[in-house]
Amino acid sequence: VTEHKHAQLQLAQQKELAEVTLSSIGDGVITTDEQGIVQSLNRVAEQLTGWSNVEVVAGLPIELIFSVINEATGSLMENVALKCLRLGRSIAIPSVGQLIAKDGRVFGAVIVFRDVSHERALQHQLSWNAAHDPLTGLINRREFESRVLHALGSAKHEGTSHALLYLDLDQFKIVNDSCGHTAGDALLKGLAKVLHANMRDADIVGRLGGDEFGVLLLNCPLEHGRYRAEEIRQSIKDFRFFWDSNSFEIGVSIGLVVIDEESKSLSELLSAADQACYAAKEQGRNRVHFYEESDIVLSKRHGQTLWVGRLQEALEKRLFVLHTQPIVKLNNAVDGATSNPVSGSPVSHAEVLIRMRDGNGGLILPGAFIPAAERFDVMQAIDRWVIESVCQWLQREQQEIKKNAERHGSSDVIGSSLSINLSGVSLNDRNLGAFIREKFDQFETDPTRICFEITETAVISDLDRASVFMGNLRKLGCRFSLDDFGSGLSSFAYLKFLPVDYLKIDGIFIHDVASNAVNRAMANAINDIGHVMGMRTVAEFVETDEILKTVREIGIDYAQGYAVGGVGRLIN
């Protein structure tokens, strides 16, 4: 009897231990007998299924307690416990299985199950994030391109016709720069709603990056595509964005491409749409441009596209060369220049000009490749290469002059002064100032020997940033020249805010200054204003002796052009 009681006590302890264990684990556990009749549920199983042990002790079948459907089809799946009993081995529920009311696992069969709602929701969220832009909620570029590829397939195999639109906002940069990125984000979200409101159920709109959007109009012939594109353009133009009591009107340039059985590939479709959008911008912005291969504007754009690879190769293989053209002092201009102690001649000043080798022994002028470099974000790299190359050359020149000076018993070392052109793109590069200072230190460059030339147009596009950039480098000793002055409409109004040393009078006033009274008057006015503001003036395109005589009479300080000096090689 003692042994029997001891065995009963051990059995009770084991049962209690098992119950405590089952109640403490995080999974739901259901036990059944060999026929699939439920025997017990642990605490988690009760919570997940909604059934209690009190209810199931009446001998309820497992298929009543535990029922799973296929998430994708909604159909009832075979009961996992009964299948386990039938096969006599462990099995797993497929990932598409979803508990409709209760979940479980068996003894006889033991079913172990858990609440995967969070994991399932996370999986759905990750899947959504992979295909959508988190800011606007629109599909992202990868998903949009996938939809375009599918539309291209239907056009080729089913003979359908679709319209692809490439949208680029015209005034987004103004909002972003003047009000900050928070305002820019709010604008993009607002425009996403405007675009979505203009879509049919079958249409697809996505954010391709930055301020660029794509629209795919399915089963839409060309003429209707033109009409829809114009509707979208007008809806964006009518949209008003308000921020901190400011109101902004936003325009959009739209490139339109037809997707039909003649269309070639996804990459060519997207390239054509981008080219058409660029053509819309080139023709005045806030308009729709339809892509046609015979289009002259698009042919020019395509030609620029072909330059990208050549420019990258030129940077990698050092195919760029630098020339100089002298800027000669006229009259009695005073700029602090002294004489070279070695030669006794005035310190030379010249503008650095870039050329590119064409592979056949010839040189390509910048007018052929600079527009492409600016359009396709290569200009910053080119400008940096020029800056570094000039600093290296000045270092070598200083070393040579120092050797000559020592031979002549002089300690003074004076060398060339060079003007380096900076593009508007580089002027907006927040890290350019630090790069310039780094190169000055690396090559022991005297900042007073460097003059940076920037165009009036580039300065006006962001006056505050340009003013800060120029001010910081002038503190080091650099000088600044405002190139093409007079080409803008508000030149004199902006001029007083800029720390400029030289005004280069635009060549449109100089090339016939000797024969055109109006242009002479303009050149004279610019010269007078520059002198009143403490600046020196430079006449560009002085190509003849007659022009040179006239600019001397006007009192312009410097001349540049073939009448005073041709182009010479600086760096091979």
Subject >> Asp383 side chain reached by Val425 side chain, heavy atoms, under 4.5 Å >> reply: no
Subject >> Contacts of type ring pair (Phe, Tyr, Trp, His ring centres under 6.0 Å), residue His132, not counting sequence neighbours >> reply: Trp128
Original post:
Are side-chain heavy atoms of Phe320 and Leu311 found at a separation under 4.5 Å?
Top reply: yes
Subject >> NZ/NE/NH1/NH2 to OD/OE distance under 4.0 Å, Glu230 and Arg233 >> reply: yes
Original post:
Taking the six-membered ring of Phe248, is NZ or CZ of Arg240 closer than 6.0 Å to its centre and within 45° of its axis?
Top reply: no
Original post:
Listed by chain and number, what are the side chain to side chain donor-acceptor pair (under 3.5 Å) partners of Asp170, not counting sequence neighbours?
Top reply: Ser253, Lys281
Original post:
Centre of Phe290's six-membered ring, under 6.0 Å away, within 45 degrees of the axis: is that where NZ or CZ of Arg226 sits?
Top reply: yes
**OP:** Would you please name every residue forming a salt bridge (Lys or Arg N to Asp or Glu O under 4.0 Å) with Glu313, sequence neighbours left out?
**Re:** Lys317
Original post:
What salt bridge (Lys or Arg N to Asp or Glu O under 4.0 Å) pairs are there with at least one residue in residues 204-213, not counting sequence neighbours?
Top reply: Asp133-Arg207
**OP:** Answer whether the closest heavy-atom distance between the side chains of Asn421 and Thr455 falls below 4.5 Å.
**Re:** no
Original post:
Got a sec, which residues hit side-chain contact (heavy atoms from CB on, under 4.5 Å) with Glu145, two or more places apart in sequence or on another chain?
Top reply: Arg141, Leu266, Leu270
**OP:** Quick one: list whatever passes side chain to side chain donor-acceptor pair (under 3.5 Å) with Ser265, sequence neighbours left out.
**Re:** Ser267
**OP:** Among residues two or more places apart or on two chains, list those pairs meeting side-chain hydrogen bond (donor to acceptor under 3.5 Å, both in side chains) that have a residue in residues 181-194.
**Re:** Asn176-His181
**OP:** Determine, step by step, whether Val175 and Ile250 satisfy the side-chain contact (heavy atoms from CB on, under 4.5 Å) criterion, reporting the C-alpha distance in whole Å, the side-chain angles of both residues, the deciding distance to 0.1 Å, and the verdict.
**Re:** CA-CA 9 Å; Val175 175; Ile250 308 299; 4.1 Å; yes
Original post:
Who are the ring pair (Phe, Tyr, Trp, His ring centres under 6.0 Å) partners of Phe213, not counting sequence neighbours?
Top reply: none
**OP:** Report the residues that fulfil salt bridge (Lys or Arg N to Asp or Glu O under 4.0 Å) with Asp203, sequence neighbours left out, ordered by chain and then residue number.
**Re:** Arg200, Arg228
Original post:
Glu63 versus Leu82: any side-chain heavy-atom pair under 4.5 Å?
Top reply: yes
Subject >> Beyond-backbone contact of Ile37 with Leu60, side-chain heavy atoms, under 4.5 angstrom >> reply: no
Subject >> Close side-chain approach of Val38 to Thr31, heavy-atom, < 4.5 Å >> reply: no
**OP:** With sequence neighbours excluded, tell me which residues meet ring pair (Phe, Tyr, Trp, His ring centres under 6.0 Å) with Phe452.
**Re:** Phe480
Subject >> Lys156 bridged to Glu261 by N-O distance under 4.0 Å >> reply: no
**OP:** Taking atom types as modelled, find out whether Ser235 and Glu231 have a side-chain donor-acceptor pair closer than 3.5 angstrom.
**Re:** no
**OP:** Taking salt bridge (Lys or Arg N to Asp or Glu O under 4.0 Å) as the test, write out the residues that go with Arg430, two or more places apart.
**Re:** none
Subject >> Under the side chain to side chain donor-acceptor pair (under 3.5 Å) test, residues paired with Arg147 that sit two or more places apart >> reply: Glu143
